Participant: 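Input: one structure, supplied below.
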Amino acid sequence: MEKAAKNYKALSVGDIKALGRVTLNSALGLTGAEVSINELPAGVGVPFVHAHKRNEEVYVILEGKGRFFVDGDIFSVEPGSAIRVDPAGERSLKADGESPLRYLCIQTEANSLAQFTENDGIMTESKPAW
Ligand code: ZN
């Protein structure tokens, strides 16, 4: 009898402080989102402005400071900043001159999520061995 596939995939992407950009879609087999771990060196900006056809994006700043551009607006970002951008939003960002800017970008299809934690989570009988 064939063993059932596991309900998870866990891996290390290595030293996230040494990464430029790593996408987790294919590495983890994501089916509903793209998640990337990104680093812009000090003083460096994304060299283009882009929008999306269907996907909204959430940027979460983890480390460093920088500036975020959306549709002509420019504002400062720092650790803890979270920015949601509509698909049509024309966006870019840049690290300040002092330190690298590290951030997560989570990309999902706009208006695709039908339920959230409270409505989608179900309690199970399992108990961890720890
Ligand atoms: Zn994007």
Side-chain angles (χ1 to χ4, degrees):
M1 190 165 124
E2 193 170 306
K3 186 179 177 189
K6 290 184 176 181
N7 285 321
Y8 71 93
K9 184 171 184 179
L11 55 79
S12 172
V13 295
D15 180 5
I16 63 167
K17 297 206 171 194
L19 300 176
R21 180 169 195 264
V22 169
T23 57
L24 300 183
N25 184 322
S26 56
L28 289 175
L30 304 181
T31 64
E34 171 64 292
V35 178
S36 60
I37 305 165
N38 303 272
E39 182 241 13
L40 289 168
V44 173
V46 175
F48 52 84
V49 174
H50 78 287
H52 279 266
K53 296 173 185 170
R54 296 165 54 162
N55 295 348
E56 66 184 19
E57 288 181 320
V58 175
Y59 293 79
V60 180
I61 307 302
L62 303 174
E63 189 176 325
K65 293 183 177 180
R67 312 266 281 162
F68 204 99
F69 170 97
V70 189
D71 293 341
D73 291 343
I74 296 176
F75 48 92
S76 297
V77 293
E78 60 185 18
S81 296
I83 306 102
R84 175 194 171 273
V85 184
D86 279 333
E90 297 183 5
R91 71 210 73 176
S92 192
L93 70 164
K94 181 179 181 182
D96 74 6
E98 305 299 315
S99 60
L101 185 66
R102 292 194 171 84
Y103 60 97
L104 295 177
C105 182
I106 302 160
Q107 189 179 132
T108 60
E109 185 173 343
N111 301 308
S112 66
L113 195 57
Q115 66 286 320
F116 297 86
T117 301
E118 297 81 10
N119 296 326
D120 192 61
I122 52 175
M123 301 302 286
T124 70
E125 299 300 319
S126 296
K127 300 269 187 251
W130 67 67

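Below, each value reflects all heavy atoms present in this structure, side chains not excepted, and no hydrogens, waters or symmetry copies. Counting begins at 1 with the first residue of the sequence. Whatever order the structure lists ligands and atoms in, that order sets their numbers, starting from 1. Nothing here was measured: the structure is a model prediction, and the numbers come from that model.
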Participant: Could you tell me which non-hydrogen atom of Pro87 sits nearest to which non-hydrogen atom of Arg91, and how far apart they are?
Facilitator: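 So the minimum-distance heavy-atom pair works out to O-NH2, 2.9 Å.
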Participant: So which of the N, O or S atoms of His50 lies nearest the Zn ion (ligand 1)?
Facilitator: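 So the atom name we want here is NE2.
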Participant: I'd like to know if the side chain of Ser36 pairs up with that of Asn38 as donor and acceptor (distance under 3.5 Å, no hydrogens or angles considered).
Facilitator: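 Looking only at side-chain atoms, Asn38 and Ser36 do form a donor-acceptor pair, the distance falling under 3.5 Å.
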Participant: Sorted by first residue and then second, give each salt bridge (charged side-chain N to carboxylate O under 4.0 Å, His left out) pair with at least one member in residues 107-126; sequence neighbours left out.
Facilitator: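 Residue pairs with at least one partner in residues 107-126: Arg54-Glu109.
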Participant: How wide is the angle at the Zn ion (ligand 1) spanned by Glu57 OE1 and His52 NE2, rounded to 10 degrees?
Facilitator: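 An angle of 100° at the metal.
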Participant: Can you tell me if Cys105 has an N, O or S atom under 2.8 Å away from the Zn ion (ligand 1)?
Facilitator: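 It does not: Cys105 brings no N, O or S atom closer than 2.8 Å to the Zn ion (ligand 1).
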Participant: What pairs of donor and acceptor atoms, side-chain ones from residues 61-75 against any protein atom, are under 3.5 angstrom apart with sequence neighbours left out?
Facilitator:
{"residue": "Glu63", "atom": "OE1", "partner": "Lys17", "partner atom": "NZ", "Å": "3.1"}
{"residue": "Glu63", "atom": "OE2", "partner": "Arg102", "partner atom": "NH1", "Å": "3.1"}
{"residue": "Asp71", "atom": "OD1", "partner": "Glu90", "partner atom": "N", "Å": "2.8"}

